[in-house]
Amino acid sequence: MPCDTSLRRLILDRIIIHVDMDCYYASVEMRDDPSLRDRPVIVLSPSDQIQVVGTCNYPAREIGLHSGMSVAEAKMMCPDGAFINGDLRKYRAVSEELHRLWSEYTDLMQPVMLDEAYLDVTHTAGSIDEARRFAHEIQRRVREEMGMGCSVGLGYNMVSAKTGSEEMKPNGYFEILSRQDFIDLMEDRGVSEVNSIGPRTAEKLYQAGIRTVGDVRENRSVAANLLGSQAQRILDLCDGIDDRVVTPHNPEDSRSISRSMTFLSDVDDYWLLSDVMFLICVDIANKLAEHNRYGGGVFVIGAYSDRSQFSANRTAKGCKDAMDIHEVAMALFDTIPFRSVRRIGISVYNLSKADSSQTTLDSLMGPQDDRSELDSRLESIRKRYGLEHLSPEDVDRDTIRSIAEHMRTHRGR
Ligand SMILES: [Mg+2]
């Protein structure tokens with residue numbers, strides 16, 4: 001049914017925007033002092049003891065200056081450049097404004113350093129056309145409201161979005177909307193152009209005569225042997241596969257708590273999955289209690305047996321116990337077409353500190369009741385799967401996998 005297909009595309013495919021400010025520190029300085037506009041501007045790295053170039057603007061780059069080079073060398077190459085001591089406090093403050101602007105487009109924003117962020121707009125945009133509109137509007141607003149330029153990539157996962165934003169810098173926009181497009185674009189590029197392949201890894205491959213992304217794809221086993229534990233991740237990246245999830249967090253409190261579980265074989269039993277998700281929620285609730293935090297939203301992500309992903313998220317202010325988180329997680333899960341599942345993950349994000357008024361309210365409401373509800377829910381899971389013992393304390397990151405596998409093989413339905 002064509003209608004069903006388009007709906008699935010809408011839900012399954014992820015739409016990710018990556019925003020990256022162009023020469024960020026230098027842009028802030030040029031904005032604040034327009035006389036710098038047409039001169040080479042060199043901002044000295046604010047965090048380093050040794051004097052190195054942090055960022056330079058495009059006129060400076062044209063002369064051959066680049067970040068990381070010594071200031072002495074930069075001054076020799078460009079004696080009449082404007083050399084400015086970086087002011088990290090100012091860059092942080094501007095960054096907060098940028099994050100605020102970007103977060104108007106989704107709850108699912110993952111900032112990277114001060115000047116970049118991934119935005120999962122799958123649900124807020126709902127279509128590629130609308131996501132494109134978001135991307136151009138973000139670029140326009142950053143220019144008009146913040147007085148700076150940025151480059152934006154639109155992709156079907158994080159690596160394609162990041163690759164897109166790199167492609168046409170500065171003030172660039174580029175989209176990579178399928179694995180095939182990614183592969184076609186990158187095939188002849190050097191391996192070091194793949195985001196997150198570092199110079200040392202690239203060198204290792206280079207030594208073995210593997211220079212391009214296409215070479216990696218054609219020499220998988222050679223590359224895999226050279227790369228050790230990183231092999232699968234790098235091979236996947238060269239194939240345009242990237243399972244990372246945009247993990248939202250509040251800049252004030254960088255924590256979110258995520259747990260996921262990959263089954264040894266596919267699970268097509270909805271109730272089993274619901275029970276495993278409950279245990280994941282118990283684990284997350286334990287962590288929240290340990291750090292005295294409340295969640296601000298719940299995010300469900302997973303993969304079907306064919307590796308295609310699903311995800312859904314919703315704000316859920318003040319959630320903290322396993323029952324609440326599970327209720328939201330299942331409501332989200334129910335918006336996704338149910339098929340055989342290989343991996344399931346839940347994350348609680350936008351954590352905030354539980355303040356004393358909330359604690360008082362809880363003690364009035366009776367945490368005792370919560371605890372007995374939790375215990376009886378666990379008791380029924382224990383019986384259903386013939387587990388010997390199951391208390392909230394038994395469930396943590398290390399045990400959850402074996403408990404879930406036991407459940408998968410002992411389900412009595
Ligand atoms: Mg940047």
Side-chain angles (χ1 to χ4, degrees), residues 16-32 36-37 40-48 52-69 74 81-82 84-103 105-106 109-120 134-155 158-176 189 192-199 242 244 246-247 249 251 254:
I16 314 285
I17 287 175
H18 182 260
V19 196
D20 185 3
M21 299 302 294
D22 299 325
C23 48
Y24 179 55
Y25 297 168
S27 295
V28 176
E29 298 300 340
M30 290 190 292
R31 175 189 78 166
D32 294 350
L36 296 171
R37 280 278 150 91
V41 174
I42 301 97
V43 179
L44 310 189
S45 184
S47 47
D48 284 322
V52 294
V53 173
T55 315
C56 39
N57 65 356
Y58 283 88
R61 286 179 201 196
E62 274 161 27
I63 306 169
L65 271 56
H66 56 83
S67 56
M69 84 193 303
I84 296 167
N85 285 316
D87 177 355
L88 207 48
R89 281 234 307 263
K90 176 160 78 173
Y91 308 144
R92 283 209 184 99
V94 176
S95 170
E96 273 177 31
E97 287 180 69
L98 287 166
H99 290 168
R100 256 198 299 280
L101 193 161
W102 298 338
S103 68
Y105 295 86
T106 178
M109 177 181 76
Q110 179 177 338
V112 180
M113 302 192 280
L114 294 180
D115 73 316
E116 291 178 32
Y118 292 94
L119 280 62
D120 185 330
F134 280 12
H136 288 114
E137 188 175 292
I138 288 170
Q139 213 165 21
R140 178 180 57 75
R141 289 184 59 196
V142 168
R143 189 172 55 243
E144 290 175 3
E145 296 172 29
M146 304 294 298
M148 288 179 286
C150 64
S151 294
V152 180
L154 185 66
M158 288 171 81
V159 72
S160 58
K162 167 83 181 172
T163 306
S165 74
E166 289 289 325
E167 195 58 23
M168 306 290 269
K169 274 182 158 299
N171 290 310
Y173 170 79
F174 194 80
E175 51 186 48
I176 303 172
R189 305 274 177 96
S192 59
E193 288 192 43
V194 177
N195 171 241
S196 81
I197 295 190
D242 183 4
R244 282 176 304 161
V246 176
T247 308
H249 69 248
S254 64

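In what follows, residues are counted from 1 in the order of the sequence shown. We count ligands from 1, going down the list as the structure has it; atoms in each ligand are counted the same way.
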Query raised in the report: Do you see an N/O/S atom of Asp22, backbone or side chain, under 2.8 Å from the Mg ion (ligand 1)?
Result: no
Query raised in the report: Asp20: which N/O/S atom is nearest the Mg ion (ligand 1)?
Result: OD1
Query raised in the report: Considering only heavy atoms from C-beta outward, does the side chain of Val52 approach that of Ser45 to under 4.5 Å?
Result: yes
Query raised in the report: Do Leu119 and Ile138 come close enough that some side-chain heavy atom pair is under 4.5 Å?
Result: yes
Query - N, O or S atom of Asp115 closer to the Mg ion (ligand 1) than 2.8 Å - result: yes
Report task. Please confirm if an N, O or S atom belonging to Ser151, backbone or side chain, lies less than 2.8 Å from the Mg ion (ligand 1). Result -> no
Query raised in the report: Do Glu137 and Tyr105 have a side chain donor and acceptor closer than 3.5 Å?
Result: yes
Query raised in the report: Are any of the side-chain nitrogens in Arg89 or Asp87 under 4.0 Å away from the carboxylate oxygens of its partner?
Result: no
